[in-house]
Protein chains: 2
Amino acid sequence: MNTVEILRSHDIKPTIVRMKVYEYLYSMKNHPTADTIYKSLSPEIPTLSKTSVYNTTTLFLTKNLIRPVTIEENEIRYDADTTDHGHFKCTACSEVYDFNADLSKMEHNLSEDFQINERQLLFKGICSYCKRS
Amino acid sequence: MNTVEILRSHDIKPTIVRMKVYEYLYSMKNHPTADTIYKSLSPEIPTLSKTSVYNTTTLFLTKNLIRPVTIEENEIRYDADTTDHGHFKCTACSEVYDFNADLSKMEHNLSEDFQINERQLLFKGICSYCKRS
DNA sequence: GTATCTGCAAAACATTTGCAATTCT
DNA sequence: AGAATTGCAAATGTTTTGCAGATAC
């Protein structure tokens with residue numbers, strides 16, 4: 001599926017801004033903030049504004065095309081990978097790593113009457129590269 | 001151990017503000033924001049300021065007496081329960097529930113060279129009480 | 001031509017910082 | 001008195017909002 005089809009399948013009308021933002025999120029697979037997206041796409045789309053980045057990411061979130069990731073409490077990050085996985089943030093180099101984690105295994109201590117819509121697992125510490133140096 | 005002893009054992013000089021903040025966190029076992037703590041203790045300590053709440057919680061965090069909990073990305077919440085557990089936030093009633101979860105079980109897909117200092121598991125959805133109504 | 005999308009400027013809100021006032025020993 | 005604690009006011013940084021201009025169908 002190309003970008004146009006992916007957006008359409010989520011009931012999102014494709015525009016150049018939306019396509020570029022989605023392609024950035026999907027190809028980079030980092031967990032950018034609105035500011036990072038804005039700075040990265042600005043050279044390509046000189047008229048882009050941060051408001052439009054927020055408009056776009058908020059739309060994607062409501063259409064369940066991407067997921068919010070909370071790494072630090074003062075900023076929203078976005079992830080185009082909507083499968084369950086954990087995040088590890090190195091507090092030394094600030095890098096965020098993905099790792100596999102089946103979060104459904106963690107549900108058994110929660111009542112079945114609770115309907116879970118979103119799962120986030122976050123570890124913080126020192127990554128192997130920073131530990132060595 | 002009483003509050004004075006707990007604070008001292010974490011190398012924190014007990015003051016009235018610190019004792020009241022810790023006792024609030026420990027007894028309520030909710031996951032308050034700085035604003036909630038401020039509003040709750042204000043009647044008791046009329047001269048209290050939000051800055052002092054932040055000073056106090058930041059001190060507690062650096063001394064590992066409490067843990068930061070990120071439920072929403074725009075605010076810091078604090079938890080006096082420093083054992084591993086998960087949080088469930090109901091997006092309907094905003095209530096936050098604790099549940100048991102052994103997060104160390106989630107580490108096996110992360111390289112052993114990564115040093116983990118902090119773990120957070122967060123589910124969001126609809127709690128059983130809101131589902132019924 | 002009407003609805004949607006985009007983006008500037010200002011507002012909102014949580015948190016931090018600088019510094020002065022207060023308190024404790 | 002000297003050091004630590006507290007708290008006011010201002011600054012900072014991210015996200016949201018109001019609205020006007022641009023674009024698309």
Side-chain angles (χ1 to χ4, degrees), chain A residues 3-4 7-8 10-22 24-25 31-63 65-79 89 94 96, chain B residues 3-4 7-8 10-22 24-25 31-63 65-79 89 94 96:
Chain A
T3 307
V4 168
L7 293 182
R8 287 219 171 102
H10 283 264
D11 201 27
I12 297 164
K13 189 194 288 184
T15 67
I16 182 65
V17 168
R18 290 171 183 173
M19 286 172 65
K20 288 292 178 190
V21 169
Y22 182 72
Y24 178 81
L25 283 166
H31 312 80
T33 62
D35 191 61
T36 306
I37 299 171
Y38 170 70
K39 289 208 173 87
S40 305
L41 296 181
S42 266
E44 242 184 304
I45 314 170
T47 61
L48 186 67
S49 71
K50 251 190 218 179
T51 303
S52 295
V53 174
Y54 281 113
N55 286 342
T56 305
T57 50
T58 302
L59 176 66
F60 287 178
L61 288 174
T62 60
K63 299 293 188 179
L65 178 59
I66 63 173
R67 288 195 180 183
V69 182
T70 311
I71 306 284
E72 296 302 329
E73 55 290 310
N74 61 326
E75 62 187 16
I76 306 176
R77 288 161 174 265
Y78 305 98
D79 197 343
K89 163 146 185 179
S94 296
V96 177
Chain B
T3 306
V4 168
L7 294 182
R8 289 218 170 105
H10 284 264
D11 201 29
I12 297 164
K13 189 194 286 184
T15 67
I16 182 65
V17 169
R18 292 172 183 172
M19 287 172 65
K20 288 293 178 190
V21 169
Y22 183 74
Y24 178 81
L25 283 167
H31 310 81
T33 63
D35 191 62
T36 305
I37 299 170
Y38 170 71
K39 289 209 174 86
S40 305
L41 295 182
S42 266
E44 241 183 306
I45 314 172
T47 61
L48 185 66
S49 71
K50 250 191 218 179
T51 303
S52 293
V53 174
Y54 281 113
N55 287 342
T56 304
T57 51
T58 302
L59 175 68
F60 287 178
L61 287 175
T62 61
K63 300 292 188 180
L65 177 60
I66 64 174
R67 288 196 180 182
V69 182
T70 311
I71 306 283
E72 297 302 328
E73 56 290 308
N74 61 329
E75 62 188 17
I76 306 175
R77 288 163 174 263
Y78 306 97
D79 195 344
K89 162 144 185 179
S94 297
V96 177

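Chain naming here is simple, since letters A, B, ... match the order of the sequence lines and numbering starts at 1 in each.
Looking only at distances, a side-chain donor or acceptor of B:His10 sits under 3.5 Å from a matching main-chain atom of B:Lys63. Using a distance-only test at 3.5 Å, with no hydrogens or angles considered, a donor-acceptor pair links the side chain of A:Thr62 to the main chain of A:Leu59. Using a distance-only test at 3.5 Å, with no hydrogens or angles considered, no donor-acceptor pair links the side chain of B:Thr58 to the main chain of B:Asn55.
B:Thr51 has no side-chain polar atom (N or O) that falls below the 4.0 Å cut-off from OP1 or OP2 of C:dT17. A:Ser49 has no side-chain polar atom (N or O) that falls below the 4.0 Å cut-off from OP1 or OP2 of C:dT6. Within the 4.0 Å cut-off from OP1 or OP2 of D:dT23, not a single side-chain nitrogen or oxygen of A:Thr15 is found.
Between the CD atom of A:Glu75 and the P atom of C:dT15 there is a distance of 14 Å, rounded to whole Å. The separation between A:Asn74 atom CG and D:dA11 atom P is 20 Å, rounded to whole Å. Nucleotide D:dT5 holds its C1' atom 18 Å from the NZ atom of B:Lys20, rounded to whole Å. Separating the CD atom of A:Glu72 from the P atom of D:dT12 is a distance of 21 Å, rounded to the nearest angstrom. Computed from coordinates, the B:Lys13 NZ to D:dG2 C1' distance equals 11 Å when rounded to whole Å. Rounded to an integer number of Å, the gap from OH of A:Tyr54 to C1' of D:dT14 is 5 Å. When rounded to the nearest whole Å, the span between CD1 of A:Ile45 and P of C:dG7 equals 8 Å. Look at CG on B:Leu48: it is 17 Å from P on C:dT22, rounded to the nearest Å.
Partner of A:Leu48 under the side-chain contact (heavy atoms from CB on, under 4.5 Å) criterion, out of A:Ile16, A:Val53, A:Val21: A:Val53 alone.
At a threshold of 4.0 angstrom between heavy atoms, the contacts of B:Thr33 with the nucleic acid are absent. Heavy atoms of A:Asn55 sit under 4.0 angstrom from at least one base atom.
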Report task. Check the pair A:Lys13 / A:Arg18 against side chain to side chain contact (heavy atoms under 4.5 Å, CB included), numbers first and verdict last. Result -> CA-CA 8 Å; A:Lys13 189 194 288 184; A:Arg18 290 171 183 173; 3.8 Å; yes
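Residue A:Thr58 has its side chain nearest to D:dT16 when only D:dT6, D:dT16, D:dT15 are considered.
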